[in-house]
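Some notes on the structure that comes next.
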Amino acid sequence: MKDHKKTLRVLIQAGEVKSFTELNTSPTAHLLWEALPITGSVQRWGEEVYFETPVEAQISPDARDGVEVGELAYWPSGRALCLFFGPTPASTDEKPKAASPVNPLGRLEGDPRIWSRVPQGTRITVTKAE
């Protein structure tokens, strides 16, 4: 019998760059999971890749603008998924800082700095990973 607590693992890919991540158990993560697969167009903001999604989620109680390198989050103001791999224009040090509070979703596996190779406008997809 399968465990009813299914792991929500996703693959995010843009060109040759890809990362897996396990989503947390938040309501926003479940909304994202139900919307998959999602395709978008990469936007860059400093060392952040983000793209608009069809997901509409409210700001969560644990939302914050201070994030960690490698964090995946949902930006309610822009209905966007955000991948942080270094400082953004809002940063005051080497840590990423979101433009406004984001809902944490999980951490990218591997080295998140690979996302620095993805140019603006690249097609990006998020799919369920087996």
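For this chain, numbers begin at 1 and follow the sequence in order. What you are looking at is a predicted structure, and each value in this text was computed from that prediction instead of being measured.
- Neither Leu105 nor Leu11 shares a network with the other; the hydrophobic side chains, linked directly or stepwise wherever heavy atoms of I, L, V, M, F, W or Y lie under 4.5 Å apart, form separate groups for each.
- Although no hydrogens or angles enter the test, the distance criterion places a donor-acceptor pair under 3.5 Å between the side chain of Asn103 and the main chain of Gln58.
- Taken together through direct or relayed side-chain contacts under 4.5 Å among Ile, Leu, Val, Met, Phe, Trp and Tyr, Ile38 and Trp75 form parts of separate hydrophobic clusters.
- Note that CG of Leu108 is 12.5 Å distant from CD of Glu68, once rounded to the nearest 0.5 Å.
- A single hydrophobic cluster is not seen to contain both Val17 and Trp45; linkage of ILVMFWY side chains at heavy-atom distances under 4.5 Å, directly or through other members, places them apart.
- Residues Val67 and Pro104 fail the side-chain proximity criterion, which asks for heavy atoms closer than 4.5 Å.
- Counting heavy atoms from C-beta on, the side chains of Arg9 and Lys128 never come closer than 4.5 Å.
- In this structure, Ile114 and Ser19 approach most closely via the heavy-atom pair CD1-OG, 4.0 Å.
- Side chains of Trp115 and Val42 form no contact here, defined as non-hydrogen atoms less than 4.5 Å apart.
- Thr122 and Ala14 get closest at one heavy-atom pair: CG2-CB, 3.9 Å.
- With values rounded to the nearest 0.5 angstrom, Trp33 atom CH2 is found 8.5 Å from Thr7 atom OG1.
- The number of heavy atoms from other shown groups lying within 6.0 Å of CZ (Arg123) does not exceed 12.
- Side-chain atoms of Pro37 and Thr125, non-hydrogen and from C-beta on, never get closer than 4.5 Å to each other.
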Is there a side-chain contact (heavy atoms from CB on, under 4.5 Å) between Ile124 and Val118? Walk through the geometry before answering. CA-CA 10 Å; Ile124 187 166; Val118 178; over 6 Å; no
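- Heavy-atom minimum distance, Ala63 versus Pro101: CB-CB, 4.0 Å.
- Using modelled atom types, one side-chain atom of Thr88 and one backbone atom of Lys97 make a donor-acceptor pair closer than 3.5 Å.
- For Gln120, the CD atom sits in a packed shell: over 12 heavy atoms of surrounding residues, nucleotides or ligands are nearer than 6.0 Å.
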For residues 77-87, which side-chain N or O atoms pair as donor and acceptor with protein atoms under 3.5 Å away, sequence neighbours left out?
from	atom 1	to	atom 2	distance (Å)
Ser77	OG	Ser100	OG	3.4
Arg79	NE	Thr53	O	3.4
Arg79	NH2	Thr53	O	3.2

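- No continuous path of ILVMFWY side-chain contacts below 4.5 Å connects Leu32 to Tyr50, so the two sit in separate hydrophobic clusters.
- Under the 4.5 Å side-chain criterion, counting only non-hydrogen atoms from C-beta, Val49 is in contact with Arg44.
- Considering every non-hydrogen atom in both Pro54 and Ala35, the closest pair reads CG-CB, 4.5 Å.
- Among all heavy-atom pairs drawn from Glu71 and Arg107, the shortest one is N-NH1, 4.3 Å.
- Looking at heavy atoms from C-beta onward, Pro96 lies out of side-chain contact with Glu47 at the 4.5 angstrom threshold.
- Residues Val55 and Tyr74 form a side-chain contact, since some pair of their non-hydrogen atoms from C-beta on lies under 4.5 Å apart.
- Side-chain atoms of Leu23 and His30, non-hydrogen and from C-beta on, never get closer than 4.5 Å to each other.
- We find the CD-CG distance between Glu34 and Leu8 to be 8.5 Å, quoted to the nearest 0.5 Å.
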